Participant: 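Handing you a structure now.
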Amino acid sequence: MEIKKNDFLEVEILDIGINGEGIAKIDNFPIFINGAITGEFVKIKILKVNKNFAYGKLIEIIKKSEKRIEPICEHFGACGGCSLLHIDYDYQLDIKTNFIKSNLKKIANLDFNVERAMGMKNPLAYRNKASFPISYQDNLKIGFYKPRSHNIVNIENCIIQSPINEPIIAKLRKFIEINNISVYDEKTGKGILRHIITRVGNKTGEVMVCLVINAKSFAYENELVLALKDIENIATIVLNFNTKNTNVILGDKTKTIYGKGYITDYIKDLKFNISPLSFYQINQVQTEILYKTALDYCQLSKDEIVFDAYCGIGTISLFLAKECKMVYGIEIIEDAIENAKQNAKENKIENAKFLVGKSEEVIPNLIFKEGIVPDTIVVDPPRKGCDKALLDAIGKTEVKKLVYVSCDNSTLARDIAYLKQYGFRLEKLQPVDMFCMTCHIECVAQLKR
Ligand SMILES: C[S@@+](CC[C@H](N)C(=O)[O-])C[C@H]1O[C@@H](n2cnc3c(N)ncnc32)[C@H](O)[C@@H]1O
């Protein structure tokens, strides 16, 4: 049967796609339908037909899934953030576990017994970092992008973010309007304000506000400090300068205009300083579970040398250091390495050394030039996964244990498949739900030779 735009159809939902859409099939031709759940019968209107798939709009639910719940956010559907908010949380964990199983099968040709994703008792208000794009679209918009678009849904508060964002955003709206500050236009590259980034230390409550500016300086520093300095627990206000016409949010330069320039937080008993350009896991409660799993998978003994590639501010490295002889943390962002060195000092950890650079360059250098051979390697790359040069270097060593922390299970599956040629085999895989209500999932994988 040929499917055409504007057709009305009744279909059964067979699966959930990686962006949370229900998937129906007509003569094996997939149709993606936002808001539909596996097992449901729905009436849809075809919005768009591509060569290999179509998009449909949910018109009516004829048979409802028992996993369907009432989304608790008025922006559900319009905002591109929480695409699973209409699905019972426990079932979200099954869906995400299945994403991983299916990627391992499709990409690495592995039928693997993935552990069930570990979820949160309270899967709301868990994010410690928010990035709000700012734009002028009919009026001032501060919020989140709509699905598959750079149009912004205006948002006053967000149920997965810290509640501290509500007064911050309200004050910044006023600040922008009173001072008549221009906002960035992606098309023309003109306008000053690009993004608002907030961070909050879950254990300390310390707050950082960072304004991303499309200029080399900002004439309203004093007014900005006045607008925000009464926010509860404000530890620092910083400016970040990004004049590039790019989707990358942060530029390379920051300037502290109030407070200490970073926030402090604790993971278990370790204290961490976090600068604006440094990565820090966004879900504190689940990070403790994630790191414990990674540490267990390392099966360290006190005489081991460990490499922690993509180490950020040295969070995993410092936990590893407590259980081995020496850790080398490698990270590309200089500020993060400065944080890592300071964090080691403040936690009185002396067996951790931090090196700035690309893991795929620093690690081959350590192994093949300096002759430092690790017993265990931990990698925790960004979504694009590990560089092949790093995997080749690991492959050429005698290292027996590799623990891979991943925020994108398709690149994880790709890298697992690649490492097979070097004799690495996937032993265990534990997903941890760091991104409740969204389609994302974190994993820890143990590979051995
Ligand atoms: C997912 S984060 C993990 C950070 C840290 N392990 C943690 O748990 O907080 C990935 C980190 O890799 C860094 N990074 C990205 N590309 C890199 C590269 N080629 N070499 C080293 N670090 C890199 C990023 O700056 C970021 O800090």
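Nothing fancy with the numbering, it's 1 onward along the sequence. This one's a predicted model, so the numbers in the text were calculated from it and none came from an experiment. We count ligands from 1, going down the list as the structure has it; atoms in each ligand are counted the same way.
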Participant: Applying salt bridge (charged side-chain N to carboxylate O under 4.0 Å, His left out), name anything that partners Lys400, two or more places apart in sequence or on another chain.
Facilitator: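 Lys400: no salt bridge (charged side-chain N to carboxylate O under 4.0 Å, His left out) contacts found.
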Participant: Quick check on the 6.0 Å ring-centre criterion: do Phe218 and Tyr220 meet it?
Facilitator: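 Ring-ring flag for Phe218/Tyr220: true, centres closer than 6.0 Å.
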Participant: Using a 4.0 angstrom limit on heavy atoms, which residues are close to ligand 1?
Facilitator: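 Those residues closer than 4.0 Å to ligand 1 by some heavy atom are Phe279, Gln281, Tyr291, Tyr310, Cys311, Gly312, Thr315, Ile316, Glu331, Ile332, Ile333, Gly357, Lys358, Ser359, Glu360, Asp380, Pro381, Pro382.
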Participant: Do Lys255 and Glu221 meet the salt-bridge criterion of a basic N to acidic O distance under 4.0 Å?
Facilitator: yes
Participant: Are Lys428 and Asp296 close enough for a salt bridge, meaning some N to O gap below 4.0 Å?
Facilitator: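 No, Lys428 and Asp296 are not salt-bridged.
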Participant: Go through the structure and list residues passing ring-ring contact (aromatic ring centres under 6.0 Å, His included) with Phe132, not counting sequence neighbours.
Facilitator: Phe144
Participant: Show the atom names and distances, to 0.1 Å, of all donor-acceptor pairs under 3.5 Å that link a side chain in residues 365-372 to residues at least two apart or in another chain.
Facilitator:
none

